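Letters A, B, ... are given to chains in the order of the sequence lines, protein chains preceding strands, and every chain is numbered from 1. A quick note: this is a predicted structure, and the numbers were derived from the prediction, not measured.
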There are 2 protein chains.
Amino acid sequence: MPQPEGSDRRERALPSFYKQVYVGITIYDIAEEAGVSIATVSRVFNDNPRVSEGTRAIVQEVAERLGYQPHVSARSLARRQTETISAIVPMLSNYFYAEVLKGLQDRMSASSFDLLVYSAPTLDEIEGQVEKALHRGRSAGVMLFSAPIKGDLERQLQHSDTPVVLVDCYHPGFDSISTDNRLGGEIAAEYLLAAGIREPAVLMANPHSVPASHRMQGFRGALERKGVHLAEDHLVVSSDGYHDGFNEQAGYDGMMTLLEAGIRPDGIFATSDVQAIGAMDALRNAHHSVPEDVQIIGFDDLPIARYLGLTTLRQPMHEMGGRAFDLLMERMAHPESTVAHTVFAPSLVDRHTTRSATLA
Amino acid sequence: MPQPEGSDRRERALPSFYKQVYVGITIYDIAEEAGVSIATVSRVFNDNPRVSEGTRAIVQEVAERLGYQPHVSARSLARRQTETISAIVPMLSNYFYAEVLKGLQDRMSASSFDLLVYSAPTLDEIEGQVEKALHRGRSAGVMLFSAPIKGDLERQLQHSDTPVVLVDCYHPGFDSISTDNRLGGEIAAEYLLAAGIREPAVLMANPHSVPASHRMQGFRGALERKGVHLAEDHLVVSSDGYHDGFNEQAGYDGMMTLLEAGIRPDGIFATSDVQAIGAMDALRNAHHSVPEDVQIIGFDDLPIARYLGLTTLRQPMHEMGGRAFDLLMERMAHPESTVAHTVFAPSLVDRHTTRSATLA
DNA sequence: GCGTCCACTGTAAGCGCTTACACCAATGAT
DNA sequence: ATCATTGGTGTAAGCGCTTACAGTGGACGC
């Protein structure tokens with residue numbers, strides 16, 4: 001049945017093959033109702049000063065009454081701009097990432113940006129996810145977590161003109177934000193040495209993880225500067241399970257490896273809190289007491305570390321997220337400005353898995 | 001200087017006020033290069049069978065060579081469809097949410113959907129975030145976590161025609177996925193009773209949290225059915241800090257409240273693992289031993305619970321996320337089908353903070 | 001009374017895509 | 001030879017918005 005002419009444009013039949021269709025109030029509806037042109041409606045929503053107060057008020061009233069919302073895709077298309085940023089993280093359920101993301105979100109909430117989250121649990125998934133995030137029109141900026149920037153990935157990033165901020169990793173060509181992992185290792189070594197340990201051991205995550213190896217290197221370096229050697233068999237590496245060995249089981253297994261080899265270190269540096277927690281469980285099962293028999297120090301300062309009395313190196317995760325967002329905004333505003341690297345110093349949180357250095 | 005006519009359309013000058021501009025290969029470029037029309041190019045990318053094999057191959061080759069990617073906004077606009085789904089979670093850094101989201105992502109990765117994450121740490125932020133997620137053209141579906149669906153929020157959701165799936169909460173009008181929290185409480189009570197406790201106590205999160213109060217109700221109900229009364233002063237409620245008292249500090253403080261009041265329960269049910277961990281710390285500081293003096297049982301089964309020996313009720317978080325995605329897809333495919341509620345039964349994970357019931 | 005300027009508003013083109021519809025061989029049936 | 005039919009392709013309209021550019025009418029100066 002033919003529609004009477006001049007019928008509301010929203011009443012047009014839509015192709016039936018659409019599963020999900022979003023119709024809604026458009027600027028045409030507002031314009032008609034308010035008796036102005038669509039250009040004027042658009043200007044009102046873009047805070048263009050070239051609209052009279054009266055007209056602005058009418059348009060706003062009508063839009064409010066009709067519940068108008070600008071269509072995001074149409075807006076992006078016309079503006080050649082999106083208001084979403086993408087984060088590519090290895091593992092959402094890892095507290096570090098979740099908390100950095102939280103810091104990011106908290107800072108973002110003041111802006112009108114939205115956050116798209118991609119997951120890349122293994123190294124070879126990164127490129128694919130980066131490609132998605134960099135897909136034309138998708139995101140105004142990309143935040144890439146803990147990824148080694150080299151080879152194809154490096155090229156991919158360099159050839160894109162979407163701003164990128166690196167979190168927990170480094171490349172001279174991109175803005176980045178990270179913790180001084182070497183320094184963290186050094187602090188741990190010095191602290192443990194001051195607390196009187198003689199036989200250090202390291203429980204390390206996958207060595208291809210840059211943070212893990214930097215932490216270990218810092219630790220070993222500081223040890224050596226004090227004349228203490230980290231024996232090869234006292235460095236146990238695990239890349240087990242999820243997320244490169246940054247998990248409890250890896251810590252547990254690593255500790256068991258040490259114990260079963262008859263190695264009895266009196267000071268342990270774990271490259272993450274979760275590894276430390278796993279190790280403590282292994283120690284408990286083997287009836288070794290902490291910190292009496294062996295002192296242990298983690299890395300991250302998870303909220304739970306406090307309730308477990310774990311001495312650790314704190315990373316300001318929430319702050320890192322906020323700062324990452326700032327960097328991205330900065331880069332978007334000034335694409336040509338020089339690359340900025342923000343490095344946070346980890347701070348030692350002294351609790352009960354170590355003997356206070358002052359008592360040593 | 002005037003451009004020679006017929007210049008590549010991508011060379012047009014763009015308005016200078018754009019901070020970030022995305023230019024790129026469009027179907028026009030592909031069409032020109034391949035010597036076909038844009039319709040044909042579009043058909044190739046939409047797997048339309050009405051394209052000859054030869055043409056298809058040419059278009060694909062050209063697109064590949066030029067690195068063509070369809071523009072997401074343009075596609076959404078033309079198709080009146082998005083391929084992003086939005087999740088609104090109270091707190092990303094809460095393991096439960098992070099893990100459910102992970103499950104969701106893992107299931108999504110097979111599809112071409114993207115995940116937008118909104119954060120609503122307090123109840124009054126929910127509406128605003130839901131409004132953003134429901135914004136016209138933004139998402140194909142919304143996943144709402146742990147939100148009490150009533151009042152304005154209820155109306156908001158009902159008037160939207162975007163599919164919605166509720167996670168960790170319930171409303172008869174929407175698909176939902178949750179854990180049987182009452183049952184969890186009952187299991188905890190029965191287990192503790194069988195393990196010989198006489199004087200139960202509950203460490204409960206904010207009572208306006210539906211999961212928290214259901215867990216407590218289940219616990220209390222089962223107790224009463226066995227003739228054991230949960231004394232009023234043995235139920236300590238905390239809504240402290242972030243996320244409604246589902247945190248370590250709340251558990252710690254709750255336990256301290258009990259201890260300072262001279263109350264010495266021999267069995268404690270905490271409405272979450274993190275609360276149980278806080279409580280165990282308080283107990284340790286007060287030199288009460290677990291499970292000898294007091295048995296304790298948590299809820300969630302965080303990965304860490306295993307390494308702490310915490311007896312708890314396990315929620316299948318990862319699976320819940322995957323299932324939530326399935327529900328959403330189902331709803332998108334069949335908008336009129338009847339509402340589905342998936343309820344998972346929590347399962348008891350028996351560890352060392354309780355005495356095995358068989359020994360009681 | 002006329003031109004100038006200014007504040008405001010409208011027209012229309014275009015963002016990059018999808019798809020209805022028209023069209024045009026080539027094919028086969030009659 | 002004629003007419004549908006069919007497979008492949010192109011044309012053009014439209015998705016909902018932004019914005020350059022072109023008015024329009026009133027205030028003001030002369």
Side-chain angles (χ1 to χ4, degrees), chain A residues 9-10 12-18 20-32 34-59 63 66 68-83 135-138, chain B residues 9-10 12-18 20-32 34-59 63 66 68-83 135-138:
Chain A
R9 70 196 279 281
R10 289 173 49 228
R12 271 166 318 190
L14 280 158
S16 60
F17 37 75
Y18 286 122
Q20 182 242 342
V21 162
Y22 43 76
V23 289
I25 307 294
T26 71
I27 50 171
Y28 288 88
D29 301 311
I30 307 293
E32 195 179 335
V36 297
S37 75
I38 58 160
T40 298
V41 176
S42 177
R43 286 191 193 101
V44 169
F45 286 99
N46 287 288
D47 289 323
N48 187 315
R50 298 163 68 80
V51 180
S52 73
E53 273 317 303
T55 313
R56 181 179 301 273
I58 293 169
V59 169
L66 267 46
Y68 169 73
Q69 296 179 313
H71 185 115
V72 284
S73 297
R75 188 171 254 201
S76 298
L77 186 58
R79 288 191 183 162
R80 302 154 181 82
Q81 229 180 151
T82 355
E83 294 214 290
H135 195 111
R136 206 155 52 95
R138 180 106 57 199
Chain B
R9 69 195 280 280
R10 287 172 50 228
R12 270 168 318 191
L14 279 158
S16 62
F17 38 74
Y18 286 120
Q20 182 243 342
V21 162
Y22 42 77
V23 288
I25 308 294
T26 70
I27 49 171
Y28 288 87
D29 302 311
I30 307 291
E32 196 179 335
V36 297
S37 74
I38 58 161
T40 299
V41 177
S42 177
R43 285 192 194 99
V44 169
F45 286 99
N46 287 287
D47 288 321
N48 188 316
R50 298 164 67 79
V51 181
S52 73
E53 275 317 305
T55 313
R56 182 180 301 273
I58 293 169
V59 169
L66 268 46
Y68 170 73
Q69 296 179 311
H71 185 115
V72 283
S73 297
R75 187 171 254 201
S76 297
L77 186 58
R79 288 191 181 162
R80 302 154 182 83
Q81 230 181 152
T82 355
E83 293 214 290
H135 196 114
R136 206 154 51 94
R138 179 105 58 200

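The two residues G24(B) and D29(B) come nearest to each other via the heavy atoms O-OD2, 3.8 Å. Residue R43(A) comes nearest to R50(A) through the heavy atom pair CD-O, 4.2 Å, listed as atom of the first residue, atom of the second, then distance.
With rounding to whole Å, L77(A) atom CG is found 12 Å from dG14(D) atom C1'. With rounding to whole Å, Q81(A) atom CD is found 21 Å from dG14(C) atom P. dC8(C) atom C1' lies 13 Å from atom CD1 of I58(A), rounded to whole Å. One can place CD of Q69(B) at 10 Å from P of dC17(C), the figure rounded to the nearest angstrom. Taking atom CD1 of residue I38(A) and atom C1' of nucleotide dT19(D), one finds them 10 Å apart after rounding to whole Å. The interatomic distance linking R80(A) (CZ) with dG16(D) (C1') rounds to 14 Å, in whole Å. Taking atom NE2 of H71(B) as the reference point, atom C1' of dG16(D) lies 13 Å away to the nearest angstrom. Summarising the geometry, the separation between CD1 on I27(B) and P on dT18(C) is reported as 6 Å, rounded to the nearest angstrom.
Between A74(B) and A39(B), the residue anchored closer to the 5' end of DNA chain C is A74(B), taking for each the nucleotide with the nearest heavy atom.
With rounding to the nearest 0.5 angstrom, the OG1 atom of T82(B) is 7.0 Å from the NE2 atom of H71(A). Between atom CD of residue Q69(B) and atom OG1 of residue T26(B) there is a gap of 13.0 Å, rounded to the nearest 0.5 Å. Rounding to the nearest 0.5 Å places CG of L77(B) at 6.0 Å from CG of L77(A).
The side chain to side chain donor-acceptor pair (under 3.5 Å) test applied to N46(B) returns S42(B), R79(B), not counting sequence neighbours. Remark: S37(A) pairs with A39(A), T40(A) by the side-chain contact (heavy atoms from CB on, under 4.5 Å) rule, at least two apart or across chains. Listed by chain and number, the residues in a side-chain contact (heavy atoms from CB on, under 4.5 Å) with A63(A) are I30(A), F45(A), Y68(A) (sequence neighbours excluded).
Contact annotation: R79(A) does not reach the phosphate of dC17(D) (side-chain N/O to OP1 or OP2, under 4.0 Å). In terms of phosphate contacts, R136(B) brings a side-chain nitrogen or oxygen within less than 4.0 Å of OP1 or OP2 of dC17(D). Residue T55(B) has a polar side-chain atom (N or O) positioned under 4.0 Å from OP1 or OP2 of dT9(D). The phosphate of dG10(C) (OP1 or OP2) has a side-chain N or O of S37(A) nearer than 4.0 angstrom. The shortest distance between the side-chain N/O atoms of Y28(A) and the OP1/OP2 oxygens of dT18(D) is not below 4.0 Å.
Looking at H135(A) and P70(B), their side chains come closer than 4.5 Å, going by heavy atoms from C-beta outward. Looking only at side-chain heavy atoms (C-beta outward), R56(A) and D47(A) come within less than 4.5 Å of each other.
Nearest to the side chain of A78(A), among dT19(D), dT18(C), dG14(C), sits dG14(C). Here dG10(D) is the nucleotide among dG10(D), dG16(D), dG16(C) with the atom lying nearest to any side-chain atom of V36(B).
With axes fitted over five pairs at each extremity, the angle between the ends of the helix from dG1(C)-dC30(D) to dT30(C)-dA1(D) is 60° (10° resolution).
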Where do N or O atoms of nucleotides 24-28 of chain C meet protein N or O atoms at under 3.5 Å, pair by pair?
none

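None of V59(B), V44(B), V41(B) except one satisfies the side-chain contact (heavy atoms from CB on, under 4.5 Å) rule with I27(B); the exception is V41(B).
For the segment residues 42-54 of chain B, residues with any heavy atom less than 4.0 angstrom from an atom of DNA chain C are, sorted by number, S42(B), R43(B), N46(B).
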